[in-house]
Structure formats: C-alpha cells, structure tokens
Amino acid sequence: MVKKAARVPALRPTARRLAPGVRQARRIWRRSLQLRMVTITLLCSSVLVGGFGYLIAKSSTDSLLAGAEQDARRQVTSGVKIAEQQLSAIPNPESPDTPGNVIRLLSSLTGGQEGVVVTMRFTKVATASALSSTGSAWPQGLDLRSAITKELEREVTGTPGYRSFQYVSANLGDGTHTYLVWGSNVPTPRWRGGGSVELYYLFPVDTEVEVAKDIRSTVIFVGVALVLLLGMVTALVTRATVSPVRVAARTAQRLSAGLLDQRMVVNGEDEMALLADAFNQMAANLQRQIVRLEEMSRLQRRFTSDVSHELRTPLTTVRMAADLLYSQREDFDPASARSAELLQAELDRFEELLTDLLEISRFDAGFAMLDSEPTDLITVVRRVTERLESVADRVGINLELVSPDPPVIAEIDPRRVERILRNLVGNAVDHGEGRPVTVTLGVDARAIAITVRDHGVGLKPGEEKLVFNRFWRADPSRARQTGGTGLGLSISLEDARLHGGWLEAWGSPGQGAQFRLTLPVRAGGRLSGSPLPLIPADVTVVRQHGNAAEVPA
C-alpha cells in the first residue's frame, strides 16, 4: 500500500504533461477522415499481410527442413543396417582390433559427404572403455558432446530400434553451425554383456537455414513494402475523395459568413464535378434569394420608416383638430360628443403605433443603441406597477410585487427595461380575467430575473413562441378589444436581446401564463442560467404516457 501511495503522485505530473498531446491527437483523429482511413488501412493490411507472410515463411521453412529430414532418415536407416551387419561380424567386442574396426566403420558411414559427422556410443561393454573414457567413440578426435544432447541420448537409449532427431547449434572446431542430429539404437544380439550401441549422424543444415532466413527476410520486406504501398494508395484515393469535400466545406463556411460570391472549381465530368456543379447552382440560387429578400426587407424597412415619419406631420394637424373637438364635446349632441371621444382614443392608439413602428424600424436597421448605467431594478419595477395600478383597479386585478431587500443593482438601460415591464404587466392585466398578477424579482451573482404571472386564459401549446411575433393574436379573428398595437412583445424581445438577455413565455390553458425576463448583472455579460424558474411554482409538470401535462400543485 505504501508503494502505491508513493507511486500515484509521481504519475500525475507525467499524466498532466501528456494530456495536451493526447487531446491534440484525439482532435486531429476526429477531424481528419483521411488520417482515419489511412490508419485503418495500415492496421488491417498489416494484420492480413503479416498473417499470410507468416504462413508462407513457415510453410517454406517446413518444406526445406522436411526434405532434409527425409534424406537424413533414409541415410540413417541405411547406416543402421550397415552398422548392424558390421558389428555382428565382430565375434569378440573385447578384441584389441575392435576399436580400429569401429573407426573404419564410422568413416565408411559418412559416404564421403562433406560436413556429415557419424559417431557411435557404446555402453556396458568393454569396447566403451577401450575407445574412450567417456564411453563414446569420437572419430577423428572430435568432441561431439556439445552436439548430442542428453535428451536425445535418453530417447535413443530407452527404446531399442528407436530413431529420433533434434536441431542444435554446435562448434566442432570450424565455427558454429546448425546440425540436424539423428540418433538410433543399433541392435547387437551376438554381443555378450547386454551392452548397447548408439549411432549418431550430424547433418549440416546451414544452407537450408540460410535459405529459410532469406525467405523470411524477403517475405518481411515484401510485406512491409506492400503495407506501405497500400497506405500510399489509400492516402491518394482518400485525398482525391476528401479534397473536394474539404473545398465544399470551406466554400460553405464562406457562404455562411456572408461571402455569397464564393464558388467551387469544377474539373472534369465525374461525380465530384457533378457535386461541385450542383453546389455552385445551390449557392447561386441562395445568393439570388438572399439578395432578393434583403432588398425586400430593405424596402420594407424604408417604407415603414418613411411612412412613420411622413405621417407625423398630418397626424399633428389632426391631433390639434381632435383636441379642439374633444375639449368642446360637452357642447355637442350625444352622437357628436361620442365621435369626438372615439376620435381622441384612436388618435392616441395611432400615435402609439407610429412610435412602435419607428422603434421597430430602428431595430431592423441595426441602429438601436443600448445606454447602460447602474440602476436599481426594484425602483424600476415599483414605478411600472404604480403606473399600471390604476388600470388594474378598474378591472379588479390586484398587482403583487415580490422582491428581495433593496437595492438590486444591475447595468441596464432603464428606459428599455421599463418599457419591457410595462408591456408584460399591461398584457397580464389585459388577460388576467380579474385574478391577481404577481411580479417577482430574483437575482444571483451573474443575472437578474423578473417574472410576470397571471392566472387568466393562458397559452395553448406552441403559442409561447408565437406570442413574440409582430401583430400576432391568439384569437384567429385578430380582433383587438383591449387596445395595444400588437408590437409590444416584439419590441420587448428586441430590447431583451439588445441587453444580451432572454425573454421567455410559459402558458397553459386555464392555468394562466408567465413571462420571464433574464438580464446579465453587468453589461456585456453572458448568461448561463436564470435565478427564477420559467414554470411557476404553483404548477407541477407530470408525465402521462410519454406526454407532459401541467396540473396545479
């Protein structure tokens, strides 16, 4: 346990040093299709070529050595018969002439083959001590004990007539060579004393071994060359395939960045050329459509802006006449007085619509600017609720404010935030159906959030996104009974985005709706979450048969 505890801290610095390289390698591996294809091809081809090369080399080596073994077996079998005949002709193995006869016998068994060595081993007979102190006869003074292993001696001695062979490397005075050593027991039934005679042949197989090494070297060289060739071919093929895709990806990135005149080069008439031509046609069509839409949008913004400005002058004149009529309505008959009041109300609404249209045109043109300053959000929220409290009292709605201890300071544009809250609270009052409306303020280290909760008709599924569209109404008839221009929530959404914040909606039929405004505490900050939940705490989301449903908590 002590060794492990001491070893782990030593590995951590190494792991930290290797981590950047590992991450870089993984990034390159994920991003390069060509690298993956070449690597997979090299691995697969290495396994296949290595397997086939091993089989070929092993088969060739086995064939060479099998031929040498068969030739040696025939020569050993013939030598055993000759040795049996010659040794049976010796009437007395203890005769002084026996060692000389044995030496001549061994010389004759070589058959004049260069490098072939033949020896005998006598045990439990007088001839053994007469030939040497070790009990073996080594012709021409050679010591063959390094070539004839104890295992081979035991196998040959243990079974009469048994033949066995081994491959050994030995130095017999002219350097180290590889020998195929055959051993066989020679029957000597006419000899007294129950001794045994063992005959050993040493066949040099250096030629076969060298040929086998050359075959293995050739197979390895050809295999490596083949694997490298396959890798190069794969790299070339994948490059020819991937390069147009890379060009298409870079061209698509330039198109998405706004460079609509970028095109691919078309070479040839193959599939890649068809891809490039189709891509160019798509890019040209997109460019035409985008240019057309931009021109239409520009004309629309210009028309809206021009109309809004041009209407200011006649509207001012009409406003003066309407104010005069409205101030003297008591002197009119009831029908004329009512007409003057309606004219005054619609002119107010018309002015609000012109103001909203001008603001929308500034957002569309990209001219809207944010004037941020440290502001107490509680003061802004209270100012909005106090201004709308009289409107809420007329329809029997109670406005509730839930906020932390003041102050709650954030870098915001107070005019725009106040406009957002005025639109949200006004909509909640219009659709609250006489039930309370709650405004909640929450804050954390990075963001502030304001929710406006009503308990009115609510929103149908999917309408929480449509509610921010311009002039959208939940009522298909689009009749406006509660006033408003239809642009308030659209302008509020743009104001929130200008702050780098979120404006979201939740609603459920019969459960009311809740809007949540989330803004960063510091101007230019990025949001990662909101201090307040979007779904109210008095609503519980349950799952039934895979579908979400909201029920009162």
Side-chain angles (χ1 to χ4, degrees), residues 326 341 344-353 355-356 359 373 375-410 412-443 448-459 467-468 473-474 480-493 495-496 499 501 503-507 511-519 531-534 536-539:
Y326 185 76
E341 293 175 354
Q344 184 75 10
E346 291 303 319
L347 280 175
D348 291 339
R349 182 178 173 188
F350 191 38
E351 284 186 341
E352 292 179 2
L353 178 60
T355 303
D356 290 345
E359 188 68 22
E373 61 183 38
T375 305
D376 185 4
L377 265 298
I378 295 181
T379 302
V380 175
V381 174
R382 285 178 177 174
R383 185 162 57 244
V384 172
T385 55
E386 290 174 357
R387 289 180 179 178
L388 293 175
E389 191 171 4
S390 59
V391 179
D393 291 340
R394 286 200 301 266
V395 293
I397 290 179
N398 181 30
L399 288 179
E400 299 177 358
L401 175 60
V402 179
S403 63
D405 295 333
V408 177
I409 305 299
I412 61 171
D413 186 337
R415 180 180 64 86
R416 295 183 183 276
V417 173
E418 184 174 347
R419 181 167 59 190
I420 296 174
L421 296 178
R422 189 166 59 249
N423 285 324
L424 296 181
V425 177
N427 283 338
V429 171
D430 289 342
H431 301 86
E433 295 187 342
R435 298 184 180 94
V437 173
T438 304
V439 181
T440 306
L441 176 62
V443 64
I448 58 101
I450 303 172
T451 60
V452 179
R453 172 79 162 103
D454 68 74
H455 300 80
V457 294
L459 298 173
V467 73
F468 297 106
R473 293 282 291 183
R480 299 184 180 275
Q481 303 297 333
T482 59
T485 63
L487 296 173
L489 290 180
S490 300
I491 296 175
S492 299
L493 181 62
D495 283 332
H499 281 84
L503 182 57
E504 303 161 285
W506 168 89
Q511 298 295 321
Q514 177 164 289
F515 288 79
R516 182 180 67 180
L517 172 66
T518 307
L519 302 176
L532 297 177
L534 178 61
D538 58 346
V539 174

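The analysis underlying the following values was restricted to heavy atoms, covering all of them including side chains, and did not include hydrogens, waters or symmetry mates. Worth saying up front: this structure is predicted, and the values here are computed from it rather than measured.
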Heavy-atom pair with the smallest gap, counting every atom of [X] and [Y]:
X	Y	value
Val425	Val439	CG2-CG2, 4.0 Å
Thr518	Ala449	OG1-CB, 4.1 Å
Gly426	Leu388	N-CD1, 3.8 Å
Gln511	Arg453	O-NH1, 2.8 Å
Pro436	His455	O-ND1, 3.2 Å
Glu504	Phe468	C-CZ, 4.1 Å

**Asked** Of all residues at least two apart in sequence or in a different chain, which pass the side-chain contact (heavy atoms from CB on, under 4.5 Å) check with Asp495?
**Response** Phe363, Arg416, Arg419, Ile420, Ile491
If you measure from [atom1] on [X] to [atom2] on [Y], what distance do you get to the nearest 0.5 Å?
X	Y	atom1	atom2	answer
Glu418	Thr379	CD	OG1	11.0 Å
Arg383	Arg422	CZ	CZ	10.0 Å
Thr375	Asp413	OG1	CG	8.0 Å
Asp405	Ile378	CG	CD1	7.5 Å

Kindly say whether [Y] contributes a backbone atom to a donor-acceptor pair with the side chain of [X] at under 3.5 angstrom?
X	Y	answer
Asp376	Val408	yes
Gln514	Pro533	yes
His431	Val457	no
Thr451	Phe515	no

Quick check: do [X] and [Y] have side-chain heavy atoms less than 4.5 Å from each other?
X	Y	value
Leu441	Pro404	yes
His499	Ile412	yes
Leu424	Leu503	yes

**Message:** I'd like to know whether Val417 forms a side-chain contact (heavy atoms from CB on, under 4.5 Å) with Leu377, so could you lay out the CA-CA distance, the side-chain angles of the two residues, the decisive distance to 0.1 Å, and finally the verdict.
**Reply:** CA-CA 9 Å; Val417 173; Leu377 265 298; 4.1 Å; yes
Check residues 391-401 and write down every donor-acceptor pair under 3.5 Å in which the side-chain atom is one partner and the other belongs to a residue at least two apart or another chain.
| residue | atom | partner | partner atom | Å |
| --- | --- | --- | --- | --- |
| Glu400 | OE1 | Thr438 | OG1 | 3.4 |

